[in-house]
Amino acid sequence: MGLGNVFLNDLIELKQNGALDGATRVVEIGAQQISDSLIIAPGLPEAYQLFGCTSPPVMTPVGAENFTMSAPSSAPFWSALGFERSAIDVEGDAIRIDLNRGKVPRRLRGAFDLVVNAGTTEHVANQMNAFRIIHHLVRVGGIMYHELPAGGLIDHGLVGYQPKFFNMLANFNGYEALYIRFTAWGPAKIPDYLRKMNPHGGDTVIDCSIRVALRKLHPLPFVCPFDVGDGAPQPWLTILHRALKKLSLRKSRPGADSFRPGASG
């Protein structure tokens, strides 16, 4: 898990477009490291200037040890940009939240201006819960950034993502999609065990990634999307449907109390 040159370019664009104006708190989904590609990126001085950094941290490329324990933490990078950085993870000094089953503590709900998911949720089986956690962490008006596998990258994680997933995620939750970008990186070798079971399937596959920036616009509960073609219900209609369904279930139970709306999502 790491922040590279492509992420840096996206961060610069978000800042230039005003999406990060006033942003001071960032949380990473999975504690990130800084890749060599960011350390040597031509745009790094521009990023420091944009964010008003006067004392850039010293970061040294680690070569073959890139993305191992030898790679630098992202913490000094964020601090130099003026952010208070937190991370959700299972080790170190990170905030402990199980992305499969956990919930965001009330004190952290809406506490962050920017949530960065740069290669973490693909390792989580419970996608609904992982994206609900992201929804709860970010404040209204805040940005959710994703950089994730979208094809190839066989055995990298448990899942890959389609652009439609993020379209539906945005539509169901009333997010503003600032951009959805699909990138093909080139061919990669198919693992030997798959080649043996698929002798006529070829030797390589194209590795692809998707980069998404979404803005949370409403303090509405999280709604898990489903595939409904090109459209989706507006989020408040989905929530109204949920409320009416709960009311119907309560009324159908013997001795049910009058309906009392509860928090959802």
Side-chain angles (χ1 to χ4, degrees), residues 1-11 14-15 20 23-41 44 47-48 51 53 56-105 107-127 129-139 142-149 153 156-159 161 209-214:
M1 298 180 292
L3 307 180
N5 181 43
V6 172
F7 166 78
L8 181 69
N9 291 336
D10 288 343
L11 190 70
L14 289 171
K15 180 64 174 176
L20 298 178
T24 60
R25 298 193 70 187
V26 60
V27 61
E28 298 171 335
I29 306 301
Q32 300 294 304
Q33 295 170 301
I34 297 296
S35 78
D36 285 359
S37 70
L38 187 149
I39 295 172
I40 64 174
L44 189 56
Y48 287 142
F51 284 89
C53 171
V58 176
M59 298 184 292
T60 305
V62 296
E65 297 298 309
N66 199 30
F67 291 143
T68 69
M69 294 300 292
S70 299
S73 164
S74 67
F77 170 75
W78 286 117
S79 180
L81 298 184
F83 284 87
E84 178 186 343
R85 176 257 195 188
S86 301
I88 307 296
D89 214 320
V90 296
E91 57 187 11
D93 60 354
I95 300 167
R96 300 290 199 276
I97 300 177
D98 182 349
L99 295 179
N100 271 314
R101 297 181 297 177
K103 295 181 178 180
V104 176
R107 64 183 174 83
L108 294 177
R109 292 200 172 200
F112 298 96
D113 306 297
L114 173 64
V115 181
V116 175
N117 173 29
T120 297
T121 56
E122 73 269 27
H123 303 288
V124 177
N126 190 342
Q127 293 291 297
N129 199 61
F131 282 87
R132 179 189 284 118
I133 285 172
I134 292 170
H135 176 91
H136 285 164
L137 287 168
V138 72
R139 66 169 174 83
I143 303 299
M144 296 160 283
Y145 177 89
H146 305 278
E147 184 178 6
L148 300 165
L153 294 165
H156 169 75
L158 300 180
V159 299
Y161 296 88
S209 65
I210 191 166
R211 305 188 332 273
V212 181
L214 305 171

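Quick note: residue numbers are just sequence positions, from 1.
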- [ ] Any chance you could measure Ser73, atom OG, to Met59, atom CE, to the nearest 0.5 Å?
- [x] 10.5 Å
- [ ] May I ask you to test the Gln32-Thr120 pair for a side-chain heavy-atom distance under 4.5 Å?
- [x] yes
- [ ] Take the angle between the ring planes of Phe7 and Tyr145 and call it parallel below 30°, perpendicular above 60°, tilted in between.
- [x] perpendicular
Open item on the list: Working to the nearest 0.5 angstrom, can you tell me the gap between Ile29 CD1 and Ile88 CD1?
Closed with: 5.5 Å
TODO: To the nearest 0.5 angstrom, please state how far the CD atom of Glu28 sits from the OG atom of Ser86.
DONE: 9.0 Å
TODO: State, with a plain yes or no, whether a side-chain heavy atom of Leu153 is found less than 4.5 Å away from one of Glu122.
DONE: no
Task: Contact summary for Leu3 and Val116, nearest pair of heavy atoms - done: CD2-CG1, 4.1 Å
- [ ] State, yes or no, whether a side-chain contact exists between Asp113 and Leu20 at a heavy-atom distance under 4.5 Å.
- [x] no
Open item on the list: Working to the nearest 0.5 angstrom, can you tell me the gap between Leu11 CG and Ile143 CD1?
Closed with: 11.0 Å
Open item on the list: Quick one, Asn129 and Leu99 - any side-chain contact, counting heavy atoms below 4.5 Å?
Closed with: no
Open item on the list: I need the Lys103 NZ to Arg132 CZ distance, nearest 0.5 Å.
Closed with: 8.0 Å
Task: Side chain proximity check, His146 to Ile134, heavy atoms < 4.5 angstrom - done: yes
Task: Any side-chain heavy-atom pair of Asn9 and Asn5 under 4.5 Å - done: yes
Task: From CA spacing to verdict: side-chain contact (heavy atoms from CB on, under 4.5 Å), Leu38, Phe77 - done: CA-CA 10 Å; Leu38 187 149; Phe77 170 75; 4.1 Å; yes
Open item on the list: Could you check whether any side-chain heavy atom of Val104 comes within less than 4.5 Å of a side-chain heavy atom of Ile133, counting everything from C-beta outward?
Closed with: yes
TODO: First locate atom CG of Asp89, then atom CD1 of Ile97, and finally report the distance between them rounded to the nearest 0.5 Å.
DONE: 11.0 Å
Open item on the list: How close do Ala71 and Gln33 get, counting heavy atoms only, and between which atoms?
Closed with: O-NE2, 3.5 Å
Open item on the list: Which heavy atom of Gly4 sits nearest to which heavy atom of Ser35, and what is that distance?
Closed with: CA-OG, 3.1 Å
Open item on the list: Quick check: closest heavy atoms across Leu81 and Tyr48, and the distance to 0.1 Å?
Closed with: CD2-CD2, 3.7 Å
Task: Closest approach of Gln127 to Thr121 (non-hydrogen atoms, all atoms of both residues) - done: NE2-O, 2.8 Å
- [ ] For side-chain contact (heavy atoms from CB on, under 4.5 Å), just list the numbers for Val124 and Asn100, CA-CA rounded to whole Å, side-chain angles, deciding distance to a tenth of an Å, and then say yes or no.
- [x] CA-CA 6 Å; Val124 177; Asn100 271 314; 3.3 Å; yes
Open item on the list: Tell me whether the rings of Phe83 and Trp78 are parallel (<30°), tilted (30 to 60°) or perpendicular (>60°).
Closed with: perpendicular
Open item on the list: For Arg101, I'd like to know if atom CZ has over 12 heavy atoms of other residues, nucleotides or ligands within 6.0 Å.
Closed with: no
Open item on the list: Taking Ala94's backbone N and O only, do any of them form a donor-acceptor pair with Arg96's side chain (distance below 3.5 Å, no angle check)?
Closed with: yes
Task: Shortest non-hydrogen separation from Asp36 to Gly63 and the atoms involved - done: OD2-N, 2.8 Å
